[in-house]
Amino acid sequence: MAAADIARQVGEGCRTVPLAGHVGFDSLPDQLVNKSVSQGFCFNILCVGETGLGKSTLMDTLFNTKFEGEPATHTQPGVQLRSNTYDLQESNVGLKLTIVSTVGFGDQINKEDSYKPIVEFIDAQFEAYLQEELKIRRVLHTYHDSRIHACLYFIAPTGHSLKSLDLVTMKKLDSKVNIIPIIAKSDAISKSELTKFKIKITSELVSNGVQIYQFPTDDESVAEINGTMNAHLPFAVIGSTEELKIGNKMMKARQYPWGTVQVENEAHCDFVKLREMLIRVNMEDLREQTHTRHYELYRRCKLEEMGFKDTDPDSKPFSLQETYEAKRNEFLGELQKKEEEMRQMFVQRVKEKEAELKEAEKELHEKFDRLKKLHQDEKKKLEDKKKSLDDEVNAFKQRKTAAELLQTQGSQAGGSQTLKRDKEKKNFF
């Protein structure tokens with residue numbers, strides 16, 4: 001019997017039995033809380049929005065501190081993601097907070113691919129976690145989880161409608177991250193315009209099929225407040241780290257010539273609502289949704305690309321080991337097939353090379369024979385020419401010898417005639 005079948009039978013055979021007395025496992029929640037507090041928590045926020053919408057100021061206001069960071073300019077050639085991690089402590093609870101901002105988002109003339117660096121960054125964090133999860137020796141309890149838990153999408157307070165860049169980007173991100181849309185610098189438009197703007201944004205998101213994060217209502221303890229806050233989305237917020245004296249209290253506010261806007265006054269903006277929903281009520285749900293929904297979707301797609309699956313073609317359960325063995329056998333079969341193809345290709349190339357070499361050898365032999373014949377012909381011509389020259393030399397020598405003989409005979413005949421004349425002269429006298 002397979003291990004999966006045994007485990008399924010054990011689960012189906014579970015029954016409830018009463019306890020005769022106190023055992024002590026009711027302290028498990030306290031143990032879990034103590035362990036979680038000692039280990040600390042992590043929370044990662046992605047701030048997406050155009051330059052100048054007050055992303056950094058809002059983060060400072062949300063966490064009541066001043067985070068380090070340089071102000072972004074409008075001269076970036078492309079979208080860059082800047083990540084900063086901070087260790088925060090409140091009472092005895094530690095929080096490792098990572099804030100990722102999109103520098104240069106919306107500043108380019110061509111904004112067609114502005115969302116791609118953001119999608120690639122989110123996928124890179126999922127991939128890093130998946131690689132850590134697939135290791136033989138895993139250290140997930142000490143691993144710094146960099147997956148994005150919440151995406152605050154900053155919308156410019158135009159009062160008209162969403163920009164096409166906003167719709168495209170949110171549509172690309174809604175299956176990868178929990179999107180919470182917020183209207184930045186909401187004090188730039190009037191209350192009536194703000195109400196209409198919220199309705200317009202909600203309508204456009206629904207009509208374009210953009211899935212934003214909905215605060216959970218399945219838990220009775222937070223169902224009422226979360227249900228109410230879902231109706232207030234997108235939140236219209238204002239950020240400020242400047243404190244002004246209003247009445248007898250120092251409050252975060254923005255001073256204008258026409259009056260003062262209080263950040264934590266719910267009649268002025270939705271900052272308090274955002275802080276309650278993001279940090280004080282639903283932070284753990286955002287972390288859970290990231291792991292159980294978005295990461296699981298990425299993990300399933302990646303494993304399916306790698307060939308892993310839960311069921312066989314007959315829709316029967318398929319264990320990971322069986323999947324691994326099947327994939328391994330498939331890989332070995334493909335490897336053997338490629339090896340055979342390479343061997344045949346090698347043999348074919350060797351044969352082709354041998355044929356080429358034989359053809360080249362044949363050509364060389366033919367060339368050698370031609371050169372040999374040519375050499376013999378030239379040699380014969382030279383020998384004939386030499387013989388002809390030798391004949392001419394011999395004939396010349398014979399002519400020369402005959403000429404010298406004639407000259408000698410002539411000189412002798414001339415001498416005898418001279419002696420005869422001399423003798424005749426002497427006899428005369």
Side-chain angles (χ1 to χ4, degrees), residues 1-12 78-79 81 112-148 168 171-177 209 211 289-366:
M1 183 178 293
D5 296 335
I6 296 175
R8 195 159 44 251
Q9 289 182 6
V10 171
E12 292 173 354
V79 180
L81 279 86
E112 184 178 356
D113 297 332
S114 295
Y115 67 89
K116 287 185 178 179
I118 306 174
V119 173
E120 291 172 358
F121 178 84
I122 296 174
D123 286 344
Q125 312 317 307
F126 284 153
E127 182 64 24
Y129 192 88
L130 178 61
Q131 292 302 320
E132 181 65 29
E133 196 177 51
L134 294 176
K135 286 182 179 179
I136 296 176
R137 292 186 178 182
R138 301 184 299 178
V139 287
L140 291 176
H141 59 285
T142 59
Y143 176 76
H144 174 53
D145 185 5
S146 59
R147 296 173 297 177
I148 301 299
V168 171
K171 184 62 179 176
K172 295 293 183 180
L173 297 179
D174 64 357
S175 63
K176 298 179 179 294
V177 70
Q211 300 292 327
Q289 284 291 320
T290 298
H291 183 76
T292 60
R293 180 187 170 194
H294 301 297
Y295 171 69
E296 282 299 319
L297 176 61
Y298 177 85
R299 177 178 175 274
R300 184 174 72 247
C301 293
K302 290 295 289 186
L303 291 179
E304 286 177 353
E305 287 179 8
M306 296 167 63
F308 293 98
K309 49 191 175 181
D310 294 329
T311 58
D312 59 12
D314 298 330
S315 299
K316 294 181 180 179
F318 211 49
S319 69
L320 184 62
Q321 182 178 357
E322 292 174 342
T323 304
Y324 171 76
E325 289 295 334
K327 193 67 180 175
R328 182 173 180 273
N329 293 333
E330 181 182 352
F331 173 76
L332 290 176
E334 292 180 357
L335 186 63
Q336 187 175 1
K337 182 179 178 182
K338 287 183 178 179
E339 184 179 355
E340 180 64 23
E341 290 177 355
M342 291 180 66
R343 190 187 67 81
Q344 292 179 358
M345 186 181 297
F346 176 76
V347 172
Q348 181 66 25
R349 288 186 177 181
V350 169
K351 290 181 178 179
E352 291 176 357
K353 198 67 178 178
E354 286 180 350
E356 290 178 3
L357 291 174
K358 287 182 179 179
E359 185 67 25
E361 185 180 6
K362 183 180 178 182
E363 291 179 358
L364 286 174
H365 279 299
E366 292 177 352

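These numbers were taken from a predicted model, which means no experiment stands behind them.
- A distance-only check finds a donor-acceptor pair linking the side chain of His294 to the backbone of Ser175 [under 3.5 Å].
- Remark: Glu361 engages no residue in a salt bridge (charged side-chain N to carboxylate O under 4.0 Å, His left out) (not counting sequence neighbours).
- To the nearest 0.5 Å, atom OH of residue Tyr115 and atom CD1 of residue Ile122 are 13.0 Å apart.
- By the salt bridge (charged side-chain N to carboxylate O under 4.0 Å, His left out) test, Lys135 pairs with Glu132, sequence neighbours left out.
- Taking the side chain to side chain contact (heavy atoms under 4.5 Å, CB included) definition, one finds that Glu366 meets it with Lys362, Arg370, sequence neighbours left out.
- A salt bridge links Glu340 with Arg343: the distance from a Lys NZ or Arg NE/NH1/NH2 to an Asp or Glu carboxylate oxygen falls below 4.0 Å.
- Residues Leu173 and Val119 are in side-chain contact: their nearest non-hydrogen atoms beyond the backbone lie under 4.5 Å apart.
- The environment of CD in Glu341 is crowded: more than 12 heavy-atom neighbours from other residues, nucleotides or ligands sit within 6.0 Å.
- Taken to the nearest 0.5 Å, the CD atom of Gln348 stands 4.5 Å off from the CD atom of Glu352.
- Other residues, nucleotides and ligands contribute at most 12 non-hydrogen atoms within 6.0 Å of the NZ atom of Lys172.
- Every side chain to side chain contact (heavy atoms under 4.5 Å, CB included) that Leu130 has, sequence neighbours left out, goes to Glu127, Glu133, Leu134, Tyr295, Tyr298, Arg299, Lys302.
- Within the model, atoms CD of Gln336 and CZ of Phe331 stand 12.0 Å from one another, a figure rounded to the nearest 0.5 Å.
- The structure places CG of Leu81 at 6.0 Å from CD1 of Ile118, a figure rounded to the nearest 0.5 Å.
- Summarising the geometry of Ser146 relative to Gln125, their closest heavy-atom pair is OG-OE1, 2.7 Å, with the distance given to 0.1 Å.
- Within a 6.0 Å radius of CD in Glu112, no more than 12 heavy atoms belonging to other residues, nucleotides or ligands are found.
- Legend: residues meeting salt bridge (charged side-chain N to carboxylate O under 4.0 Å, His left out) with Asp174, ordered by chain and number and at least two apart, are absent.
- The side chain to side chain contact (heavy atoms under 4.5 Å, CB included) search around Arg349 returns Met345, not counting sequence neighbours.
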